[in-house]
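Here the structure is laid out as structure tokens; the discussion comes afterwards.
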Amino acid sequence: MPELAEVEYYRKQWLPALNQTVTSVHLNSDKRVFRGLDCAALKQNLVHEKFIESLVHGKQLCLRFGDSHWLGVHLGMTGRMQVLQAGELPAKHDHLIIRMDSNLSLVFSDARMFGRILYSNHYLQPDWWAHRPPEILSPEYNFERVDAYFNRRTKSPVKAVLLVQEFFPGVGNWMADEILWRSRILPFRKCGKINMRERIELYKRIREVSEDAIRVIGSDWGRPPENWLFNHRWKSGGICPQTGKPLSRAKVGGRTSCWSPSWQS
DNA sequence: CTATTTGTTTATCC
DNA sequence: AGGATAAACAAATA
């Protein structure tokens with residue numbers, strides 16, 4: 001389920017082991033989450049290194065060890081991160097276990113294995129961390145960028161474009177539906193047909209939903225207020241919190257989308 | 001047994 | 001060349 005705020009929530013789960021040192025790394029290199037990775041290098045080189053920094057950018061996590069070890073974690077659809085106390089045993093889908101000198105263990109789990117582990121041992125930033133688009137809540141993000149993104153995808157449904165990570169880092173399926181619902185714009189509208197007033201509204205709601213998600217979910221995975229679309233969109237039979245009328249669901253841009261026909265146009 | 005899932009990559013067509 | 005679309009990946013859940 002990880003989007004912007006859920007990824008931040010999971011980043012925090014490893015913080016109890018910050019400034020501790022790796023004693024061993026356990027993994028099964030056959031698992032799909034390690035595709036393309038030099039698992040032997042990860043297992044050997046991370047030992048004796050200190051966990052010094054924990055960063056997040058959109059849905060991408062970057063964990064730094066020592067002065068040249070970069071561990072990337074992408075949570076995919078069902079990825080999770082947690083810390084195991086001494087004596088606690090790994091579970092079925094725990095694919096990467098990093099034991100620390102405190103006897104805590106950092107654990108990455110992922111049932112569906114759409115997630116991915118990345119690793120680089122170099123003083124310079126690896127490509128997967130160096131090449132990042134501006135984050136939605138950063139100072140360099142602005143309306144002109146968003147306007148330009150829509151102009152590059154004029155024939156795509158706006159829902160599909162909101163899911164492009166290069167444009168809207170961290171936005172996932174529920175955030176995109178929430179943004180469109182708050183902007184009162186239907187998900188299948190083509191970007192080229194969205195006028196300036198609507199684009200300005202979308203830009204504001206993109207930032208608003210990102211802030212709200214971080215505040216409500218990113219800290220302790222709290223349940224969002226009932227006046228968000230969030231709590232009503234998951235199952236069919238949901239009701240629009242604005243109009244009290246039924247919500248609609250259908251695939252838009254390849255993803256199940258939920259909208260309120262009595263509210264969005 | 002069938003259909004569905006909060007994500008990304010790859011192939012293919014335009 | 002770049003945009004648009006669908007399939008593939010894998011396991012749990014309803």
Side-chain angles (χ1 to χ4, degrees), chain A residues 1-11 28 30-37 56-61 72-81 91-96 108-118 127-129 131-133 136 148-182 187-194 206 209-210 212-214 216-218 221-224 228-238 247-259:
Chain A
M1 55 189 75
E3 300 178 30
L4 186 71
E6 293 89 344
V7 174
E8 167 63 9
Y9 171 84
Y10 282 124
R11 184 190 70 85
N28 176 352
D30 293 337
K31 298 295 184 182
R32 190 170 181 272
V33 293
F34 300 112
R35 55 196 179 277
L37 188 71
V56 65
H57 183 102
K59 297 175 187 173
Q60 181 66 52
L61 285 145
V73 176
H74 195 291
L75 297 168
M77 196 84 94
T78 51
R80 295 170 36 185
M81 295 160 74
K92 183 176 180 183
H93 298 297
D94 294 350
H95 305 307
L96 175 65
F108 164 74
S109 322
D110 187 3
R112 288 175 74 181
M113 292 194 283
F114 290 177
R116 187 165 201 171
I117 298 296
L118 301 166
D127 287 347
W128 52 263
W129 188 247
H131 301 150
R132 287 169 289 165
I136 290 167
Y149 298 152
F150 284 124
N151 289 339
R152 278 171 57 183
R153 290 285 193 280
T154 55
K155 293 180 179 171
S156 284
V158 57
K159 168 65 183 281
V161 174
L162 286 173
L163 295 175
V164 175
Q165 296 302 290
E166 182 192 346
F167 298 163
F168 305 105
V171 172
N173 206 26
W174 81 253
M175 284 181 71
D177 282 355
E178 186 80 31
I179 289 162
L180 290 165
W181 177 76
R182 294 192 192 187
F188 43 78
R189 292 267 308 280
K190 300 285 191 271
C191 284
K193 300 281 191 182
I194 294 179
I206 287 162
V209 170
S210 297
D212 286 354
I214 290 286
V216 174
I217 296 170
W221 209 298
R223 179 182 167 89
W228 294 20
L229 180 64
F230 185 97
N231 293 319
H232 309 270
R233 67 181 297 279
W234 304 105
K235 56 188 182 303
S236 54
L247 297 167
S248 294
R249 290 157 62 87
K251 280 221 192 304
V252 179
R255 305 295 300 280
T256 294
S257 303
C258 177
W259 69 92

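Within every chain, numbering begins at 1; the chains are lettered A, B, ... in the order of the sequence lines, protein sequences first and strands thereafter. Side chains are part of it too, since the values below use all heavy atoms of this structure and drop only hydrogens, waters and symmetry mates.
- B/dA11 sits 16 Å from C/dA10 when the P atoms are compared, rounded to a whole Å.
- Residue contacts shown for A/R255 include a base, since a base heavy atom lies under 4.0 Å away.
- Listed nucleotides: C/dA10, B/dT8, B/dT5. Nearest to the side chain of A/R249: B/dT5.
- The side chain of A/K31 places no N or O atom within less than 4.0 Å of a non-bridging phosphate oxygen (OP1 or OP2) of C/dC9.
- Here B/dT5 is the nucleotide among C/dT5, C/dA10, B/dT5 with the atom lying nearest to any side-chain atom of A/T256.
- Closest of all the heavy-atom pairs between A/P157 and A/P187 is CB-O, 3.6 Å.
- Regarding contacts with the backbone of B/dG7, every side-chain N or O of A/H74 stays at 4.0 angstrom or more from both OP1 and OP2.
- Geometrically, A/R182 engages A/W228 in a cation-pi contact defined by less than 6.0 Å to the ring centre and at most 45° from the axis.
- Not a single donor-acceptor contact under 3.5 angstrom links the side-chain atoms of A/R116 to the base of B/dT8.
- Within the nucleic acid shown, A/K92 comes within 4.0 Å of sugar-phosphate atoms alone, with no base atom in reach, counting heavy atoms only.
- Among the protein residues, A/G172 comes within range of the sugar-phosphate backbone only, with heavy atoms under 4.0 Å from sugar or phosphate atoms but none that close to a base.
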| said: Only Watson-Crick and G-U wobble pairs with both distances less than 3.5 Å should count. Give DNA chain C in dot-bracket notation, marking inter-strand partners with |. | reply: .||||||||.||||
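- A/K190 comes within 4.0 angstrom of nothing in the nucleic acid, heavy atoms only.
- Applying the 6.0 Å contact sphere to CZ of A/R80 captures no more than 12 heavy atoms from other residues, nucleotides or ligands.
- To the nearest 0.5 angstrom, A/R35 atom CZ is 10.0 Å from A/I117 atom CD1.
- Judged by ring centres under 5.5 Å apart and planes tilted less than 30 degrees, A/F114 fails to stack against the six-membered base ring of B/dT8.
- Of all nucleotides listed (B/dT8, C/dC9, C/dA11), C/dA11 comes nearest to the side chain of A/H93.
- Aromatic rings from A/W221 and A/Y10 are positioned such that their centres are separated by under 6.0 Å.
- The salt bridge (charged side-chain N to carboxylate O under 4.0 Å, His left out) check on A/D110 picks up nothing, with sequence neighbours excluded.
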